[in-house]
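All values below were derived from every heavy atom in this structure, side-chain atoms included, with hydrogens, water molecules and symmetry-related copies excluded.
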Amino acid sequence: DSVVTIHGYTCLRKDECSERRRSGGVALYMSEGLTWYEVSLSSTHIQSIWCAVCLGKERILVGCVYRPPDATNDYDNEIIKMVVEARRRLDIREYHNMVLMGDFNLPSIEWTYDSGPTYNGACGIQTAFINTLQDCFFEQLTQAPTFRLNSEHHTNTLDLIITDLTQDHRISDIQHFPPLGNLSRGH
């Protein structure tokens, strides 16, 4: 646990430990100055973690997800169900807004700010994912590639920020930095 500790933050994490994968997982770091509580969504078989952040009288649903590159159709369907459930919880006013972040590993989708997302290749999860975001009135905010194959080339936007908070400009300044450490490859 000391490896993942950041002073002034509480680490909320869900480690992956299965027969298929021996490592991995997701984590959210919550500032100790925030009021928050953990939330459970019905999709429990995917690597995700959720909490509600309380800002005055508002509750913002915040999630983090990891989709492995070799995800099965069942796993993909669980992600779609999870996004739809988040929308449903907003619709019944259980939460006021939603932010979902994570590594979605959907390299065939090209995320462009001007014309919306497009995809190259197979149309399975890519089409379903784009349609679900649009049907739920969520926007994807990451506008620069987040995976670096080597120091000269960016290749894909795999790490996404999905939200409904764009109307009131509450999320406005997303910055992109190179991978942590001296890595020439990675997120």
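Nearest heavy atoms, Ala52 versus Val39: N-CG2, 3.6 Å. Taking every heavy atom of both residues into account, Tyr29 and Cys11 meet most closely at CE2-CB, 3.7 Å. The nearest pair of heavy atoms linking Arg13 to Ala27 is CB-CB, 3.9 Å. For the pair Asn105 and Pro69, the tightest heavy-atom approach, listed with the atom from each and the gap, is ND2-CD, 3.6 Å. Across Gln47 and Tyr75, no two heavy atoms sit closer than the pair N-OH, 2.9 Å. Of all heavy-atom pairs between Val26 and Val65, the closest is CG1-C, 3.8 Å.
If you take CE on Met101 and OG1 on Thr163, they are separated by 9.0 Å, rounding to the nearest 0.5 Å. For the atom pair Asp164 CG and Leu90 CG, the distance stands at 5.5 Å (nearest 0.5 Å). For the atom pair CG (Asn97) and CD (Glu58), the distance works out to 6.0 Å, reported to the nearest 0.5 Å. Rounding to the nearest 0.5 angstrom, the gap separating the CD1 atom in Ile79 from the CG atom in Asp74 is 11.5 Å. We find the CG-CD distance between Asp76 and Gln126 to be 8.5 Å, quoted to the nearest 0.5 Å. Distance CD1/Ile49 to CD1/Ile46: 12.0 Å, rounded to 0.5 Å.
Residues satisfying the side-chain contact (heavy atoms from CB on, under 4.5 Å) test with Cys54, not counting sequence neighbours, are Thr35, Tyr37, Arg59. For Ser31, the side-chain contact (heavy atoms from CB on, under 4.5 Å) partners two or more places apart in sequence, or in a different chain, are Tyr9, Leu34. Here Phe104 pairs with Phe129 under the ring pair (Phe, Tyr, Trp, His ring centres under 6.0 Å) rule; sequence neighbours left out. Legend: residues meeting salt bridge (Lys or Arg N to Asp or Glu O under 4.0 Å) with Glu94, ordered by chain and number and at least two apart, are Arg89. When the side-chain contact (heavy atoms from CB on, under 4.5 Å) test is applied to Cys51, the partners found at least two apart in sequence or on another chain are Leu12, Leu28, Met30, Trp36, Val53, Val62. Applying the side-chain hydrogen bond (donor to acceptor under 3.5 Å, both in side chains) rule to Asp91 yields the partners Arg87; only residues at least two apart in sequence or on another chain are considered.
Linking ILVMFWY side-chain heavy atoms closer than 4.5 Å, directly or via other members, places Val99 and Leu55 in a single hydrophobic cluster.
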